Amino acid sequence: MKKLLDATFNAVAEVGEQMPENDRAALAVYCYRRGHFRELGLSLAAMCSRTSLVSEAGHAGEVIYAQAKNTSMKRDFASDSRSRGGKAPVSLHVV
């Protein structure tokens with residue numbers, strides 16, 4: 001599963017690099033505002049300038065920019081799964 005998630009983030013990074021900066025900032029803000037895409041939003045925001053994020057989202061852009069720059073890009077999904085008070089993560093997988 002971790003390999004799949006890492007591959008997804010790498011693919012998004014490649015696509016993000018090809019997008020115009022304003023579009024990338026808009027997508028970063030959109031993803032960040034959705035809980036299940038927050039890491040993706042931060043990854044995209046790390047590729048944006050402060051100016052483009054602030055232009056897109058105002059003060060929220062400042063916050064996203066700061067978090068993207070201060071967040072380690074190591075994705076430790078095991079610790080993420082316990083960040084909700086010990087509850088298991090929610091999945092949309094149909095069984």
Side-chain angles (χ1 to χ4, degrees):
M1 181 68 162
K2 182 161 176 22
K3 286 183 182 181
L4 177 61
L5 292 171
D6 286 341
T8 301
F9 278 102
N10 290 336
V12 168
E14 288 177 20
V15 171
E17 289 173 352
Q18 297 172 6
M19 296 175 77
E21 178 140 11
N22 291 339
D23 293 346
R24 186 171 49 240
L27 183 58
V29 171
Y30 176 86
C31 291
Y32 180 85
R33 288 180 172 164
R34 276 121 192 106
H36 55 289
F37 289 143
R38 181 152 292 163
E39 283 290 319
L40 182 60
L42 287 173
S43 294
L44 288 166
M47 295 187 289
C48 297
S49 69
R50 178 185 164 277
T51 305
S52 65
L53 288 168
V54 170
S55 171
E56 182 62 35
H59 180 69
E62 284 274 359
V63 173
I64 295 169
Y65 177 80
Q67 285 183 9
K69 295 303 177 189
N70 291 330
T71 300
S72 167
M73 284 299 129
K74 296 179 194 172
R75 291 173 189 83
D76 185 7
F77 291 103
S79 66
D80 263 359
S81 68
R82 297 294 159 198
S83 66
R84 297 177 33 161
K87 295 180 182 178
V90 175
S91 174
L92 300 177
H93 178 72
V94 177
V95 180

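Just so it is clear, the structure is predicted and the values come from calculations on it, not from any experiment.
Residues in residues 55-66 take part in these side-chain hydrogen bond (donor to acceptor under 3.5 Å, both in side chains) pairs, two or more places apart or across chains: R50-E62.
By the criterion of side-chain heavy atoms lying less than 4.5 angstrom apart, applied directly or through intervening Ile, Leu, Val, Met, Phe, Trp or Tyr residues, V63 is not grouped with L44; the two fall into different hydrophobic clusters. One hydrophobic cluster holds both M47 and F37 under the rule that ILVMFWY side chains link at heavy-atom gaps under 4.5 Å.
Side chains of S49 and E21 form a contact here, defined as non-hydrogen atoms less than 4.5 Å apart.
By the side-chain contact (heavy atoms from CB on, under 4.5 Å) test, A45 pairs with A28, L53, I64, A68, sequence neighbours left out.
Here the shortest heavy-atom pairing between R33 and A57 reads NH2-CB, 3.8 Å. When all heavy atoms of C48 and R24 are compared, the closest pair comes out as SG-CG, 3.7 Å.
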